[in-house]
Amino acid sequence: MGVIHKIGRRKTAVARVYVSEGTGVITVNKKEFATYFPTATLQYKVMQPMSMTENATNFDVKVNVFGGGSTGQAEAVRMALARVMCEVNPENRLILKPEGLLTRDPRMVERKKFGQKKARKKFQFSKR
């Protein structure tokens, strides 16, 4: 099979995933998967495409991820793994597409505007 390389993005996080046949070992930025994503919610998000396609123990995964926070990074890895699962077996697309795992979430942080406190919040107006 060789190594499959895919990219996933979410907010400002970018994940590069390299998948090869193996025993289910996942390393993220040269750390163990469970130490990089400590909470069960983040671990579930990352494993979701592999568990839905029943490939959790069939592949070794090496991930390079940067930018954003922990949730954005986990969802970027999830998107990249979903793209890999579609390349491994095109029938997996029918499983992953209805769950929204192959759709890029376009929501980004709105920029702060000049003359305002934040993106939408204004300075308080006081009449004296």
Side-chain angles (χ1 to χ4, degrees):
M1 171 185 126
V3 177
I4 299 175
H5 170 244
K6 291 291 177 185
I7 294 177
R9 293 185 179 91
R10 172 74 172 97
K11 291 187 176 179
T12 57
V14 179
R16 293 188 306 249
V17 172
Y18 303 90
V19 176
S20 59
E21 288 187 22
T23 58
V25 177
I26 301 176
T27 56
V28 183
N29 290 352
K30 299 180 182 172
K31 293 182 183 176
E32 190 181 325
F33 164 67
T35 57
Y36 195 84
F37 294 116
T39 64
T41 307
L42 295 177
Q43 292 175 13
Y44 171 77
K45 281 184 181 182
V46 171
M47 292 300 295
Q48 195 174 2
M50 296 182 78
S51 60
M52 287 177 69
T53 57
E54 294 161 7
N55 287 321
T57 58
N58 298 346
F59 299 103
D60 285 343
V61 181
K62 185 179 170 221
V63 181
N64 291 333
V65 63
F66 61 92
S70 57
T71 303
Q73 287 185 351
E75 292 180 8
V77 173
R78 176 175 72 175
M79 181 183 199
L81 284 173
R83 287 176 170 174
V84 168
M85 292 301 118
C86 288
E87 187 166 320
V88 167
N89 186 357
E91 293 176 5
N92 288 340
R93 186 174 179 83
L94 300 173
I95 300 167
L96 299 172
K97 184 72 173 164
E99 296 295 321
L101 300 184
L102 297 172
T103 306
R104 165 75 163 94
D105 193 343
R107 295 176 293 174
M108 301 290 280
V109 176
E110 190 174 335
R111 69 174 282 271
K112 180 196 172 298
K113 275 65 163 201
F114 171 76
Q116 296 182 9
K117 206 172 184 93
K118 290 170 34 179
R120 303 273 175 112
K121 188 174 184 178
K122 313 282 192 276
F123 285 111
Q124 184 171 341
F125 176 75
S126 63
K127 190 174 182 182
R128 291 190 178 217

Rounded distance (nearest 0.5 Å) linking atom [atom1] of [X] with atom [atom2] of [Y]:
{"X": "S20", "Y": "N58", "atom1": "OG", "atom2": "CG", "result": "12.0 Å"}
{"X": "L101", "Y": "M52", "atom1": "CG", "atom2": "CE", "result": "5.5 Å"}
{"X": "E110", "Y": "K118", "atom1": "CD", "atom2": "NZ", "result": "11.5 Å"}
{"X": "T39", "Y": "K45", "atom1": "OG1", "atom2": "NZ", "result": "8.5 Å"}

Does R120 CZ have over 12 foreign heavy atoms under 6.0 Å away?
no
More than 12 heavy atoms of other groups within 6.0 Å of K113 NZ:
yes
Which pair of non-hydrogen atoms, one from [X] and one from [Y], has the smallest distance, and what is that distance?
{"X": "A74", "Y": "L42", "answer": "CB-CD2, 3.8 Å"}
{"X": "P98", "Y": "R93", "answer": "CD-O, 4.1 Å"}
{"X": "S51", "Y": "Q48", "answer": "OG-O, 3.1 Å"}
{"X": "R78", "Y": "P49", "answer": "O-CG, 3.5 Å"}

Can Y18 be reached from M50 by stepping across I, L, V, M, F, W or Y side chains whose heavy atoms are under 4.5 Å apart?
no
Following the transitive rule for hydrophobic clusters with a side-chain heavy-atom cut-off under 4.5 Å over Ile, Leu, Val, Met, Phe, Trp and Tyr, establish whether M79 and V46 coincide in one cluster.
no
In residues 23-31, what donor-acceptor pairs under 3.5 Å come from side-chain atoms, sequence neighbours left out?
residue : atom : partner : partner atom : Å
N29     : OD1  : V65     : N            : 2.9
N29     : ND2  : Y36     : OH           : 3.2
N29     : ND2  : V65     : O            : 2.9

Donor-acceptor pair, side chain of Q73 and main chain of G67, under 3.5 angstrom
yes
Can a donor-acceptor pair be found, under 3.5 Å and without considering hydrogens, that links the side chain of K97 to the backbone of I95?
no
Residues F59, E21; criterion side-chain contact (heavy atoms from CB on, under 4.5 Å); working and verdict
CA-CA 4 Å; F59 299 103; E21 288 187 22; 4.2 Å; yes
Run through L102, T103, L81 and flag the one making a side chain to side chain contact (heavy atoms under 4.5 Å, CB included) with L96.
L102
Let me check something: any side-chain donor-acceptor pairs from residues 6-16 under 3.5 Å, sequence neighbours excluded? List them with distances.
residue : atom : partner : partner atom : Å
K6      : NZ   : E87     : OE1          : 2.8
R10     : NE   : E75     : OE1          : 2.7
R10     : NH2  : D105    : OD2          : 3.4
T12     : OG1  : G68     : N            : 3.3

Side chain proximity check, N92 to N55, heavy atoms < 4.5 angstrom:
yes
